[in-house]
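First up is the structure itself, then whatever we jot down about it.
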Amino acid sequence: MPELPEVETIARGLAPGLVGRIVADARFLCTTVLADCPCGDTFRTAIHGRPIRNVRRRAKLLIIELSPAPGRTDPASLAVHLKMTGRLWIAGAAEEPPRHTRFQLFLDDGQALFFQDQRRFGNCRLLSDLDSWPFYASLGPEPLETDAKSLADRLGKKTARIKALLLDQTVVAGVGNIYADESLFLAGIRPDTRACDLSPARRRKLFAALQQVLTRAIAAGGSTIRDYRTPEGLEGGFQNDFAVYGRGGEPCPACGTALSVTRVAGRTSTFCPRCQG
DNA sequence: CATGCGTCCTGCTTGC
DNA sequence: TGCAAGCAGGACGCAT
């Protein structure tokens, strides 16, 4: 389930093979992968001949920035959301696409970007202006490019559970279930605490914890629960450092108390009933 | 407006 | 052993 650290790892891994290349064509092996249309053939015409200018991450999105094709002046961006089971890698264009491959982006060097997604939740879209996409425009700040106090101030007087707000992409961008649970543990906060019940100091502590967890996870190449792989096909390493995620019933790494499992914001949430008050 | 919950999708896991 | 129900979860639509 690629969240911020996983998508960051993917962006860094893909950039050397994509930046400077020219898009030759695309092939869709699934009709639903292309969100909000334009339809497949329109998409193919719209990307043909475009040099790839940059590859970066925003929230959980992989953004491939495209320059105009020769003789044109219209830049564009390809935004890919991997959702839960999406994978991206570069391989020879002639390679047989494995099962669940949803689309291929063919490059001018005989290589292709492959997008595979077992569960079909993922999608990509071609946008002339990213900010014209309401979801993109509504994204909150990047947690690693914003100070913890500013992030804490964004909680305002909200009464929602703190975990729901961590997962809310308009509050802070890129956090999913794994890093929400890990951050809450590190900050000693129960996931079902209402944001308005947290002191300013505890809010700051939470976002400082989030920054620490995300930084460590990026350094480890992300977390592999089941499906996530780096573009090189490698598993991440941060799953070995989980304190609570996926460890319900196991002893708390800090105090030994059995970790509790509950549902907050519709998501499974694991926490230590003793350390997280 | 703010909050919360059901839905999508498919393969693996759990339980009878 | 076999089969079905349950589960995973990001974003979104809709209800309250």
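Small disclaimer: the values here were computed from a predicted structure and weren't measured. Within every chain, numbering begins at 1; the chains are lettered A, B, ... in the order of the sequence lines, protein sequences first and strands thereafter.
Looking at residues 5-14 of chain A, you'll see that no heavy atom sits under 4.0 Å from any atom of DNA chain C. DNA chain C is contacted by A/Gly176, A/Asn177 of residues 172-183 of chain A, taking any non-hydrogen atom closer than 4.0 Å.
Side-chain atoms of A/Ile162 and A/Arg194, non-hydrogen and from C-beta on, never get closer than 4.5 Å to each other. In this structure, A/His48 and A/Val23 have side chains that are not in contact, with every pair of non-hydrogen atoms separated by 4.5 Å or more.
Note: CD (A/Gln116) to P (B/dG11) measures 11 Å, nearest angstrom. Taking atom CZ on A/Arg102 and atom P on B/dC8, their separation rounds to 17 Å, with Å as the unit.
Below 30°, between 30° and 60°, or above 60°: for A/Phe103 and A/Phe115 the angle between ring planes is above 60°, a perpendicular geometry.
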Are A/Phe185 and A/Tyr245 close enough, and set up right, to give a ring-ring contact (aromatic ring centres under 6.0 Å, His included), and what steps lead you there?
CA-CA 9 Å; A/Phe185 172 79; A/Tyr245 180 84; over 10 Å; no
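In this structure, A/Thr85 reaches neither bases nor backbone, as no heavy-atom distance under 4.0 Å exists between it and the strands shown. Using a 4.0 Å heavy-atom cutoff across all strands shown, A/Arg120 reaches sugar-phosphate atoms only and no base atom.
At C/dA11, none of the side-chain N or O atoms of A/Arg125 fall inside 4.0 Å of OP1 or OP2 (strictly under the cut-off). Between A/Thr159 and B/dA2 there is no side-chain N or O to OP1 or OP2 distance below 4.0 Å. At B/dG11, one or more side-chain N or O atoms of A/His100 fall inside 4.0 Å of OP1 or OP2 (strictly under the cut-off). Note on A/His81: every side-chain N or O is 4.0 Å or more away from OP1 and OP2 of C/dG10.
In this structure, A/Leu165 and A/Ala195 approach most closely via the heavy-atom pair CD1-CB, 3.4 Å.
The side chain to side chain donor-acceptor pair (under 3.5 Å) test with A/Lys163 singles out one residue from A/Asp192, A/Thr193, A/Asn177, A/Thr262, and that residue is A/Asn177.
Salt-bridge formation is detected for the pair A/Asp74/A/Arg50: a Lys NZ or Arg NE/NH1/NH2 atom is positioned less than 4.0 Å from an Asp or Glu carboxylate oxygen. Between A/Lys60 and A/Glu6 there is no salt bridge, since no side-chain nitrogen of the basic residue lies less than 4.0 Å from a carboxylate oxygen of the acidic one.
For C/dA8, the base has no donor-acceptor partner in the side chain of A/Arg226 [N/O atoms by modelled type, under 3.5 angstrom].
Residue A/Arg154 places its CZ atom among more than 12 non-hydrogen atoms of other residues, nucleotides or ligands, all under 6.0 Å distant.
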